[in-house]
Structures are given as structure tokens and as C-alpha cells.
**Student:** 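Below you'll find the structure I mean.
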Amino acid sequence: MFVSYLILTLLHVQTAMLARPGGESIGCDDYLGSDKVVDKCGVCGGDNTGCQVVSGVFKHALTSLGYHRVVEIPQGATKINITEMYKSNNYLALRSRSGRSIINGNWAIDRPGKYEGGGTMFTYKRPNEISSTAGESFLAEGPTNEILDVYMIHQQPNPGVHYEYVIMGTNAISPQVPPHRRPGEPFNGQLVMEGRGPEEREEKERNQEKEDVRGKAPEIFTPEAAQTFPVRHPERLSPHRPDNLVPPAPHPPRRSRDHNWKQLGTTECSTTCGKGAQYPIFRCVHRNTHEEVPESYCDSSMKPTPEEEACNIFPCPAFWDIGEWSECSKTCGLGMQHRQVLCRQVYANRSLTVQPYRCQHLEKPETTSTCQLKICSEWQIRTDWTSCSVPCGVGQRTRDVKCVSNIGDVVDDEECNMKLRPNDIENCDMGPCAKSWFLTEWSERCSTECGAGVRTRSVVCMTNHVSSLPLEGCGNNRPAEATPCDNGPCTGKVEWFAGSWSQCSIECGSGTQQREVICVKKNADTFEVLDPYECSFLERPPSQQSCHLKPCGAKWFNTEWSMCSKSCQGGFRVREVRCLSDDMTLSNLCDLQLKPEERESCNPQDCVPEVDENCKDKYYNCNVVVQARLCVYNYYKTACCASCTRVANRQGGFLGSR
């Protein structure tokens with residue numbers, strides 16, 4: 001493709017050279033054979049002293065947010081370069097003195113690109129926000145046709161803004177270079193006349209230059225005139241061929257005429273690169289002063305016909321074509337978005353996708369970026385914990401937990417992170433609900449074989465969840481765990497005396513315990529130790545036994561009997577029975593055959609409305625007298641008056657009922 005561009009360029013140059021006799025070069029003054037060129041100030045034939053480079057750095061410390069003016073770009077400025085010294089969260093902005101915003105106005109941030117303003121084209125660059133450290137910039141070739149102001153949208157400390165532009169100096173000659181002039185165009189509209197040799201043309205040009213010097217004073221460009229300097233730019237027309245032009249006559253113009261057709265530049269190229277089209281512009285001018293006059297002064301039949309010529313045939317530089325960002329991957333919180341970035345190149349008004357290496361001179365824009373549409377909803381605890389659902393024991397309590405949006409509205413729970421949801425219900429322990437004392441049966445044996453001893457039982461305070469009878473609470477009236485017993489006097493009695501068992505040899509499982517066993521003789525208040533053979537006729541207690549600490553099994557515990565449901569004629573009473581393990585928790589390992597009764601009959605005697613206070617049982621075992629039917633004897637009838645009377649009343653009632 002590049003080779004074809006070169007071929008087109010060579011053909012264009014050769015055609016232009018053939019169109020001009022002698023192949024003479026073109027100067028910036030549009031005369032054949034001139035060697036004048038444009039200097040950096042834009043002055044044809046200048047010596048680079050006619051302009052001034054203005055540059056500086058804006059480093060003011062800004063305190064308030066918003067727009068702050070950085071620098072004024074005067075009218076006529078060229079080579080404009082406004083650049084942040086390094087990347088920041090600030091933005092550059094550009095506006096005209098008429099108040100029209102050109103870039104980043106009205107708090108709206110524009111995308112990087114080209115923006116027209118002040119009579120020139122500004123290129124707005126914003127380097128990659130992630131990988132680059134360079135700041136924003138405005139670039140323009142100029143010249144500007146009005147005063148422009150550069151602003152900074154201040155959001156964070158000012159990193160410094162470098163500004164630079166070129167303006168005409170006090171002794172500068174106004175630029176006279178027609179825009180878009182191309183090598184190979186006619187100069188000043190002078191057409192090459194047939195029949196004239198090089199000598200005649202050179203003589204005419206020398207005479208014309210002398211007339212220009214005599215008849216026109218040099219113009220001085222002062223700073224005061226910079227605002228209103230009447231510089232006339234050549235007319236810019238459409239790149240299309242003018243349709244009001246008359247083809248030239250086949251014969252050359254007469255030498256005696258005072259006016260002729262002159263080329264005053266060309267139309268603007270239809271494209272800035274990649275092969276465009278443009279046409280020469282011809283105007284009627286005075287032959288000596290070159291002042292433009294009405295076209296009626298010239299012979300219309302001699303006006304050249306504009307021919308389309310290729311322009312800007314060099315290939316356009318490749319560029320990154322940036323697509324639109326995709327939707328954010330998340331509706332709230334930090335997400336990701338993507339866009340398509342392609343390397344493209346324009347030629348002949350067509351945009352083609354090319355290999356990425358063609359854009360290697362440019363930094364590739366990011367294809368992914370973080371995004372956040374809004375702040376996600378969050379969990380809020382609206383109330384404190386409620387009271388526990390039970391006054392004692394283990395219950396539950398609750399509180400109100402809601403999902404709230406970033407504007408304070410209650411939304412569905414799905415909009416919040418369920419993994420982070422606070423608990424709205426939990427268990428609460430209000431402590432044990434003790435109600436009754438639970439007891440085991442008294443031990444069957446007295447702690448001693450003779451003399452005073454004790455029998456024992458186990459006592460524990462437990463929650464009463466079953467019985468609805470009016471059992472009393474535990475309180476401070478703990479039932480006794482030991483009761484006295486006596487197996488008779490021990491005087492002169494010989495027996496084995498066993499000491500206390502030692503601790504179990506292991507903490508759990510099966511172990512052994514030891515104790516001392518001696519033969520003693522009990523007197524009234526003393527013991528006498530005898531030789532073991534003195535007790536040989538007695539069974540010696542074991543001095544060693546197995547022991548098992550964990551587990552210790554489960555046992556039946558029961559409460560005391562309740563009051564009898566009736567005071568006479570047979571009632572019942574109840575008690576609560578539970579199987580408890582060694583740690584006093586409920587168990588199901590007790591032997592059901594050994595379970596104590598939970599209900600029994602009571603007060604089976606008849607109800608006696610009136611009782612004779614003189615008729616009482618003198619012995620506790622009068623029920624044996626009744627069972628032996630001894631009440632027929634006066635002695636027993638008197639000794640067991642109450643029992644014998646009840647039997648007599650019962651039998652009388654039975655006989656009466658018959």
C-alpha cells in the first residue's frame with residue numbers, strides 16, 4: 001500500500017513539472033524560480049525573527065473546587081501546546097471569550113478527540129488512566145482567530161500545567177502563505193503564456209518587483225494591531241470542482257491587457273491524509289499590483305479550468321478505534337466492563353482494520369476497566385434483642401434485620417450479601433428452673449453392725465417438667481441425706497473392723513481399692529485390737545475390691561410422695577421418678593424392673609364423722625389384733641378400741657346392706 005502511495009506521489013510531481021515549462025521550482029511567494037521558503041513564524045522568506053515563543057508553567061496552589069483560569073491564548077497564536085506535567089484527577093477545559101465552551105465545559109467531561117474552536121482544530125489527549133503517568137493536553141497548529149482561555153477543573157492538588165504558543169513579533173511581516181499550497185501549483189495565478197521565452201518572463205518579474213517596492217510601503221505588525229490586523233486569508237472552497245467556470249480559449253491572452261487570471265491558492269483538501277481531492281482557485285487581478293478586481297475585468301474565455309488534483313496522498317497514520325464500554329458486570333459495588341479496541345487505517349475514505357503492530361507508535365487504550373454503578377445495599381439491625389421466650393431454662397430471642405439500599409430504602413434480602421447477614425434469632429439460657437428435690441431410697445443396711453450408725457440416700461434439686469401436682473420448690477429445706485440407726489449394744493463383742501477404702505487405682509474403667517481390716521473387741525466406749533485368729537470364726541471382710549469410676553451407671557431418683565388425694569375411704573398419692581446418670585442428667589439406662597412406683601393408694605380407712613376421744617389404740621400393731629380376730633375379747637377390744645370399733649362398724653354396715 002505504501003509503494004502505491006509513492007507511485008501516486010511521483011506521478012503527481014511529474015505531471016506538475018510537465019505542466020510548467022523548464023521545470024522551474026516554486027517559492028512560497030507563488031513565483032516560478034523563487035527560492036523563498038516559509039520560516040517557523042509562518043513568514044514567506046522570513047528569518048525566524050518575526051515571532052515570539054511564549055511558554056510557562058501554571059503552578060498556583062488552588063483551594064476551591066471548580067474552574068480556575070490557567071492562561072490566555074491570544075488571537076493569532078500558533079503551535080499551541082497545553083499539557084499537564086503529570087497525571088491527576090483534574091481536567092483541562094477550553095472556552096472562547098464569547099462564552100462558548102469548546103472542551104470540557106459546563107461540568108461535562110468530553111472524550112479525547114479533535115474539537116474545532118477559535119479558527120483551528122484542537123487535539124484533546126487523555127492518556128491511559130491506568131498504565132500512563134502523563135497528564136492531559138491540548139494541541140493545535142493555529143492560528144487562532146479569537147482569544148481563548150484555558151481552565152483547570154480543580155479536584156486535587158495542581159501538578160502544574162505547561163503552556164506554549166507562538167505569536168508574531170513587533171517587527172514581523174504578516175504571513176502571506178496561502179493555506180494548503182502544494183508543490184507544482186501555478187504561482188500568483190500567472191499562467192505560462194505561449195510564445196514567451198524565459199528571458200521575457202524574467203524581465204517582467206524584475207519590473208514587477210520594482211513596481212511593488214515603489215508603490216507599496218512595508219506593513220508593520222504591532223502588538224496593538226494584533227487584535228484587528230487585516231490579514232486576508234485565501235478563500236477556502238469545497239473540494240468539488242467549481243461549476244461556474246468557462247473553459248479557456250484556445251489562443252493565448254493579449255500582452256496589452258492590464259488584468260489577468262491568477263491562482264490564489266486551492267480549495268481545502270477533502271481529506272487530511274489517505275488521498276483526497278482539491279481544485280485550484282483562480283481570481284482576476286491587476287497585472288502589476290496583483291490586487292484582486294471583479295472578474296469582469298478579465299477575459300472569461302481565458303480563465304483556466306480547475307482540474308481535480310490528488311492531495312494528501314500519504315497514508316493516514318494508523319489509529320486505535322475505541323468501541324463503547326460494555327455494561328458493568330455488577331449492578332452495585334465494584335465490577336468490570338470491557339470494550340473493543342481495533343487498529344484501523346483510513347485510505348480513500350474507507351476505514352480498514354489492520355494488524356496491531358501498525359499502531360505500535362500509539363499507546364493502546366485499556367480494554368477492561370473497573371466500574372461501580374452504585375453502592376451496594378447493606379444489612380442494618382433495626383431493633384435490639386427481644387426478651388427471652390422462657391423465664392427459665394433455654395429459650396429463644398429475636399431482633400429485626402433488614403436489607404437497606406444506599407438511599408435508605410428497605411429492599412429485598414437478595415440485594416444484600418446473604419453470607420454477611422447478621423443473625424436475627426438465637427438461643428438464650430435463663431438458668432435452671434429448679435422446682436423439686438429428687439431422692440433415692442434409704443440404704444438397706446445400717447453403717448454399723450452394732451451400736452449407733454446411719455443409713456444414707458442421695459438428694460438432688462431438679463426441674464419439674466412432668467408433675468402437675470402442687471409440689472413445693474426446692475428452697476432451703478433440703479431433705480436429710482442420712483438417718484440414724486442402731487443395731488444394739490456392742491459390749492464384749494468380737495468383730496472385724498474395716499477401714500475406709502483407698503482411692504481407686506485408676507481414674508476410669510476397672511481398678512482396685514485397698515483398706516485395712518483388723519480384729520477388734522468392742523467395750524462400752526473403747527476398742528481393743530486382737531489377733532486376727534480371735535475373729536477367725538467370723539467372715540473376714542475383703543481388704544481389696546474392684547472399682548469403676550467412669551461411667552458409674554444410672555440410678556432411679558424420685559421425689560417425696562405428694563399429699564394423699566383423699567383423707568379417708570381410699571385415695572392415692574404420686575411422686576415423680578427419673579433415671580439420672582452420674583452427672584445428674586436424664587438417662588435411659590436404668591433397669592425398668594427396679595423402677596420405683598410413681599403412684600400408690602393411701603388412706604383406705606372409712607371416714608368416721610365423730611371419734612370418741614377415749615377410744616384409742618394403745619399399741620401400734622393393733623392391725624394384727626384385727627387380722628387375728630381378737631376383738632371379741634374384752635382385753636383387746638379395750639387395748640385396740642379404735643381399730644376394733646372400725647371393724648365392727650364396717651361389718652355392721654356390710655350386714656345392714658345385705
**Student:** For the pair Arg399 and Asp384, find out whether any cationic side-chain nitrogen is under 4.0 Å from an anionic carboxylate oxygen.
**Tutor:**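 No salt bridge links Arg399 with Asp384.
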
**Student:** Does the Asp424 side chain pair with the main chain of Lys402, one donor and one acceptor, at a distance under 3.5 Å?
**Tutor:**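 No: the side chain of Asp424 does not pair with the backbone of Lys402.
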
**Student:** Would you check if Arg69 and Val150 make a side-chain contact, meaning some heavy-atom pair closer than 4.5 Å?
**Tutor:**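 Not touching, per the 4.5 Å side-chain cut-off.
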
**Student:** Hey, are Thr353 and Arg344 close enough side-chain-wise for a donor-acceptor pair under 3.5 Å?
**Tutor:**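 On atom types as modelled, these side chains qualify, holding a pair under 3.5 Å.
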
**Student:** Between the side chains of Glu295 and Lys303, is the shortest nitrogen-to-carboxylate-oxygen separation below 4.0 Å, so that they form an ion pair?
**Tutor:** yes

**Student:** NZ of Lys87 to OG1 of Thr133: how many Å apart, nearest 0.5 Å?
**Tutor:** 7.0 Å

**Student:** Compare all side-chain heavy atoms of Val285 with those of Val293 and state whether any distance is below 4.5 angstrom.
**Tutor:** no

**Student:** Is a side-chain donor or acceptor of Arg126 paired with a backbone partner of Asp110 at a separation under 3.5 angstrom?
**Tutor:** yes

**Student:** Under a 3.5 Å distance rule, please check whether Asp299 uses its side chain to pair with a backbone N or O of Ser301 as donor and acceptor.
**Tutor:** yes

**Student:** Between Ser137 and Lys125, is there a side-chain donor-acceptor contact under 3.5 Å, judged purely by atom types and distance?
**Tutor:**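 No.
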
**Student:** Below 4.0 angstrom, N of the basic side chain to O of the carboxylate: do Arg339 and Glu324 qualify?
**Tutor:** no

**Student:** Closer than 3.5 angstrom, by distance alone: can the side chain of Thr367 be matched with the main-chain N or O of His338 as a donor-acceptor pair?
**Tutor:** no

**Student:** Is it the case that the side chains of Glu136 and Tyr124 hold a donor-acceptor pair, with the cut-off being a distance below 3.5 Å and no angle test?
**Tutor:** yes

**Student:** Between Tyr163 and Ser55, is any pair of side-chain heavy atoms under 4.5 Å apart?
**Tutor:** no

**Student:** Ignoring hydrogens and angles, tell me if any N or O in the side chain of Asn90 forms a donor-acceptor pair with the backbone of Gln156 under 3.5 Å.
**Tutor:**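 Judged by distance alone, yes, a pair lies under 3.5 Å.
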
**Student:** Does a side-chain N-to-carboxylate-O contact under 4.0 Å join Lys79 and Glu164?
**Tutor:**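 Salt bridge between Lys79 and Glu164, a charged N being under 4.0 Å from a carboxylate O: no.
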
**Student:** Okay, side chain of Asp412, backbone of Glu414: is any donor-acceptor separation there less than 3.5 Å?
**Tutor:** no

**Student:** Are Trp320 and Leu342 close enough, and set up right, to give a side chain to side chain contact (heavy atoms under 4.5 Å, CB included), and what steps lead you there?
**Tutor:** CA-CA 6 Å; Trp320 291 111; Leu342 300 176; 6.0 Å; no

